[in-house]
> 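Have a look at this one before I ask anything.
Quick caveat: nothing in here was measured; it's all calculated off a predicted structure. The figures that follow rest on heavy atoms only: side chains count, while hydrogens, waters and symmetry mates do not.
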Amino acid sequence: MFNLKSIMKHVIPVALSTILIILLLSSSSVVFARSKSYNNAYSYKKHGPTTITPTVTPKITPTITPKITPTVTPKITPTVTPTVTPKITPTITPTVTPTVTPTIAPTDVPIDPSLSGFNKAVYVKNFGAYGDGIHDDTKAINQALNSGADAVVFEANASYKANDYISMDTPGVTVIGNNATLFTDNDYRSRTNFYEWFFNVVASNITINELNLEAKESILVGYKTQFVIMNASNVTVNKCDFTIPSTVLSGGASHAIEYSNLDLFTGWHNIIIQNSTFTNLADTNAGVCAEFRDIYNKGASGLSFTNNTSTSNCHDEIIAMFTGSTTTLSDISVTNNYINAIAGNVSIPRTLGISLGYDGFGLSNITFTGNTVNLFASYAGIAVGDSDNVTVSDNTINFTALTNTDRASVFKGSTVDNNINVTNNTITIASNTTGNFGGISDGYINFTSNEITCNSVVTDALFSNNSVVKGNTIIVNSEASRLGNSLITFEGNNVTFNSTISTMFEFYNKTLTSDVNINNNTIVCRKDSPSNSTIFMLNGTTINGNVFSFSNNKVTTPNSSTAKSFYYMAITDTTTQKIVLTNNLLSNYSNTYVEGGITPIYNIIYA
């Protein structure tokens, strides 16, 4: 018989063990199924759907979610970040930085594109110049000009004060003035510390553009000329203004001093002065707008003075050219300028308007062409002196004679023939009742194809002393003493006297050195002279074997009760001399006179 209590003691543990085994086996099957489901889900993302049993899906969902998140995230993050960042940063930074940095420095490579052609350009402000018209900028400007840079720039329209002189000692510099003004005033070095020039160019290959110099002092200071070039070659001054106003001596200083704008002093070559303005209203007893000289006879040559405007009321010439003692100055061209030499109010009356050389030491190869000229002078408008090869052509010249005991002429030439030619000019002589106008030309000058209007009384002769006068049109509106005195040639001219004329041609006490030809002229006298008038006079003349010819001329005068003479002759020769008087048409000039009668020394040819 079985004991139930004993059976239960042994059976129940076995049964529990069996159940536990079954449960463990069932749990392994589930775990295997979950693992297979995860692998098929990953395969679905890559390859599409699989044959996973639908009953497993709801059990897989809570298991897969936490496993995908940590797997995908770490793969994306490290891949993108290191790839983008290192490629962008090193490429941009080194390219931009070296390009921008050198352009910013103004001293070495200025931003202004107009300065790109220079090796090195500097600004005067980089050397401490204020340009405010208050501070003394002398030191800064001198340092900039001599810094070794080939371009020196002034601030546009700035005003720079200088209390001492400026000197360009370094060659190869271009000054870009930008219409700035460099001025002197009462603070400039004193008269007891005198140095002749303010702005000095003593180096070669210099160009100065658009820089203005102005004298603002009202008392005497330690210079007399604003700008000088000496011992230098290849210098250009362009679009600059040089101003000495009337107020420079308003502090009561004597006008018996000198003030000048420009001086080419000595040893200069190949200079260009153009498109500039020179104003000198100091009204002093000495001073010019521009003087071109070689004072130490070092030799100076090659000047173009073109398209400038000059105005002066000082005693000296407005433009002066001269040397020390010999002819060392040559090849000067003065063209297309406006030149206004007006009379001063305080200073001694101007003697010369323009000098193209002095007596005894002239210049060589001078051209004065295309200028408009207004000249007030007591001796001469334009003096040539002993210069040679001078051409004065295509100018408009207005001349007013000032009061003087000497007779003033528009042109003063030499006593010898140096090939001086005055041609194609328009010349007007103004009336001045207090002036003493002698005539147009005095000396050896070839005077051809000019248009001349004389509104002044002529106290001597329109043309004197060996002039050659050809093809001119001459109108004289005031009384004239003579038309020609001791001429060599007077041919092909048209002359009209709207007032009286005394003697047309005279050779008083003249010894001829060449033939004299007065031929092919038309001379009209519109007003009768109350005194006897004579066409030509050989009074005290020595013909000296030359031929005197007065032929093919037409001379007319109004009918008059006053006798008029063709000629008066009293030659001093002792041998027979030839005088040709053919084919002339002379109205009312019927009288003739030969002192002592016609003797064998007169060989007069009428046909």
> Counting N and O atoms only, with roles assigned by atom type, does the side chain of S254 sit under 3.5 Å from a partner on the main chain of A256, one being a donor and the other an acceptor?
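Side chain of S254 to backbone of A256: a pair is present.
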> Is there a donor-acceptor contact under 3.5 Å from the side chain of D283 to the main chain of N345?
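Answer holds: yes.
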> Above 12 or not: heavy atoms from other molecules or residues under 6.0 Å from OH of Y508?
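No.
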> Just by distance, do the side chain of D388 and the backbone of S364 share a donor-acceptor pair under 3.5 Å?
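No, because the side chain of D388 does not come within donor-acceptor range (under 3.5 Å) of the backbone of S364.
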> Below 4.5 Å, heavy atoms only, C-beta onward: do T311 and L281 meet side chain to side chain?
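Result yes, sub-4.5 Å side-chain heavy-atom pair found.
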> Under a 4.0 Å threshold between the charged nitrogen and the carboxylate oxygen, would D263 count as salt-bridged to R293?
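Yes, charged N to carboxylate O under 4.0 Å.
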> Is there a side-chain contact between S533 and S502 in this structure, where contact means two heavy atoms from C-beta onward sitting under 4.5 Å apart?
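S533 does not reach S502 side chain to side chain.
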> Assess whether atom OH of Y296 is packed by more than 12 heavy atoms of other residues, nucleotides or ligands within 6.0 Å.
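No, OH of Y296 has 12 or fewer neighbouring heavy atoms, counting only those of other groups under 6.0 Å.
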> If you measure only the distance, is there a donor-acceptor pair under 3.5 Å linking the side chains of S304 and T306?
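Result is yes, a qualifying pair exists.
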> We want to know whether H269 and S301 form a side-chain donor-acceptor pair, criterion being a heavy-atom distance below 3.5 angstrom.
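The answer is yes; a qualifying pair exists.
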> Taking NZ, NE, NH1 and NH2 as the nitrogens, is one of them in R350 or D316 under 4.0 Å from a carboxylate oxygen of the other?
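Not counted as a salt bridge, because no side-chain N and carboxylate O are separated by less than 4.0 Å.
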> Say you draw a straight line from CG of L363 to CG of L329; how long is it, rounded to the nearest 0.5 Å?
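The CG atom of L363 sits 4.0 Å away from the CG atom of L329.
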> Which residue is it: T448, N493, T423? I am looking for the one with a side chain to side chain donor-acceptor pair (under 3.5 Å) to N472.
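So, applying the side chain to side chain donor-acceptor pair (under 3.5 Å) to N472 and each of T448, N493, T423, only N493 qualifies.
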> Report the relative orientation of the aromatic rings in Y593 and Y568; use parallel for angles under 30°, tilted for 30 to 60°, perpendicular for over 60°.
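Answer is parallel, since the angle falls under 30°.
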> Taking atom types as modelled, find out whether D460 and S481 have a side-chain donor-acceptor pair closer than 3.5 angstrom.
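No, because no side-chain N or O of D460 sits under 3.5 Å from a partner of the opposite role on S481.
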> Using modelled atom types and a 3.5 Å cut-off, is there a donor and acceptor pairing between side-chain atoms of H315 and backbone atoms of P349?
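Yes; judged by distance alone, with no hydrogens or angles, the pair exists.
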> Within the distance-only criterion (no hydrogens, no angle test), does the side chain of S312 pair as donor or acceptor with the backbone N or O of C289 below 3.5 angstrom?
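Not a single qualifying donor-acceptor pair exists.
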> Is any side-chain heavy atom of I244 closer than 4.5 Å to a side-chain heavy atom of Q226?
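When only atoms from C-beta onward are counted, Q226 and I244 do touch, with a gap below 4.5 Å.
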> Kindly indicate whether the side chain of I354, heavy atoms from C-beta on, has any atom under 4.5 Å from the side chain of M321.
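Not touching, per the 4.5 Å side-chain cut-off.
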> Rounded at 0.5 Å granularity, tell me how far CD1 in I208 sits from CD1 in I229.
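One gets 7.0 Å once the value is rounded to the nearest 0.5 Å.
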> Going through the checks in order, is the side-chain hydrogen bond (donor to acceptor under 3.5 Å, both in side chains) test met by D294 and T328?
CA-CA 7 Å; D294 184 27; T328 58; 2.8 Å; yes
> Would you confirm whether N425, through its side chain, and N450, through its main-chain N or O, come within 3.5 Å as a donor-acceptor pair?
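Between the backbone of N450 and the side chain of N425 there is no qualifying donor-acceptor contact (under 3.5 Å).
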> Does N200 use its side chain to pair, donor to acceptor, with the backbone of F198 at less than 3.5 Å?
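Side chain of N200 to backbone of F198, a donor-acceptor pair under 3.5 Å: yes, one is there.
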> Between F278 and F242, is the ring centroid distance below 6.0 Å?
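Yes.
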> Report the C-alpha distance between Y444 and N419 in whole Å, list the side-chain angles of each, state the deciding distance to 0.1 Å, and finish with yes or no for side-chain hydrogen bond (donor to acceptor under 3.5 Å, both in side chains).
CA-CA 8 Å; Y444 272 95; N419 191 31; over 6 Å; no
> Can a donor-acceptor pair be found between the side chains of T542 and T572 at a distance below 3.5 Å?
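T542 vs T572: donor-acceptor pair found between side chains.
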> Would you indicate whether the side-chain heavy atoms of N308 and I273 approach each other to under 4.5 Å?
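Result yes, sub-4.5 Å side-chain heavy-atom pair found.
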> Taking F550 as the fixed residue, which of F566, F490, Y606, Y567 is the one that meets the ring pair (Phe, Tyr, Trp, His ring centres under 6.0 Å) rule?
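Of the listed residues F566, F490, Y606, Y567, the ring pair (Phe, Tyr, Trp, His ring centres under 6.0 Å) partner of F550 is F566.
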> Please determine, by modelled atom types, if N539 and K510 share a side-chain donor-acceptor pair under 3.5 angstrom.
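Absent: no donor and acceptor within the cut-off.
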> Would you give the length of the straight line joining atom CG of D241 to atom CG of N275, rounded to the nearest 0.5 angstrom?
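One gets 11.0 Å once the value is rounded to the nearest 0.5 Å.
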> Side-chain donor-acceptor pair under 3.5 Å between N404 and N436, yes or no?
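No - no donor-acceptor pair under 3.5 Å links their side chains.
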> Side chains of N231 and F265: does their closest heavy-atom pair fall under 4.5 Å?
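In short, these two side chains do not touch, never coming nearer than 4.5 Å.
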> Given 3.5 Å as the limit, does a donor-acceptor pair link the side chain of E506 with the main chain of M537, or not?
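Side chain of E506 to backbone of M537: no pair is present.
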> Might you point out which heavy atoms bring F399 and A377 nearest each other, and give the distance in Å?
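So the minimum-distance heavy-atom pair works out to CZ-O, 3.8 Å.
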> Indicate yes or no for a side-chain donor-acceptor contact from T459 to the backbone of F437 under 3.5 Å, with no hydrogens or angles considered.
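Present.
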> Apply side-chain contact (heavy atoms from CB on, under 4.5 Å) to residues K578 and I605 and explain how you reach the verdict.
CA-CA 8 Å; K578 186 176 182 179; I605 300 172; 3.3 Å; yes
> Establish, from distance only, whether the side-chain atoms of Q274 and S276 form a donor-acceptor pair under 3.5 Å.
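Checked: Q274/S276 side chains show no N/O donor-acceptor pair below 3.5 Å.
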> Ignoring hydrogens and geometry beyond distance, is a side-chain donor-acceptor pair present between K470 and N446 at under 3.5 Å?
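Side-chain D/A pair, K470 to N446: absent.
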> Under a plain distance cut-off of 3.5 Å, with no hydrogens placed, do N280 and N261 share a side-chain donor-acceptor pair?
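The criterion, which ignores hydrogens and geometry beyond distance, is not satisfied for N280 and N261.
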> Looking at V373, is its backbone amide N or carbonyl O close enough to the side chain of N395 to form a donor-acceptor pair, meaning the two atoms are under 3.5 Å apart?
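The answer is no, because no donor-acceptor pair under 3.5 Å joins these two groups.
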> State, without any angle test, whether N552 and N519 hold a side-chain donor-acceptor pair at a distance under 3.5 Å.
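No, no side-chain donor-acceptor contact under 3.5 Å.
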> Is there a side-chain hydrogen bond (donor to acceptor under 3.5 Å, both in side chains) between S467 and S441 once you walk through the steps?
CA-CA 7 Å; S467 295; S441 174; 3.3 Å; yes
> State yes or no: are the ring centers of F447 and F411 separated by less than 6.0 Å?
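Yes, the ring of F447 comes within the 6.0 Å limit of the ring of F411, centre to centre.
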> For residues T434 and N432, is any side-chain donor paired with an opposing acceptor at under 3.5 Å?
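Judged by distance alone, the side chains do pair up.
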> Hey, is D528 close enough to K564 for a salt bridge, meaning N to O under 4.0 Å?
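Yes, this pair counts.
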> Verify the distance criterion only: is there a donor paired with an acceptor across the side chains of T369 and S393 at less than 3.5 Å?
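The criterion, which ignores hydrogens and geometry beyond distance, is satisfied for S393 and T369.
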> Please say which of I271, T335, I319, V237 ends up in a side-chain contact (heavy atoms from CB on, under 4.5 Å) with F305.
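Exactly one option meets the side-chain contact (heavy atoms from CB on, under 4.5 Å) with F305, and it is I319.
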> Among side-chain atoms of T426 and E451, is any donor-acceptor pair under 3.5 angstrom?
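T426 vs E451: no donor-acceptor pair found between side chains.
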> Answer yes if the side chains of T372 and T396 hold a donor-acceptor pair under 3.5 Å, and no otherwise.
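No pair is found: no donor N or O on one side chain lies under 3.5 Å from an acceptor on the other.
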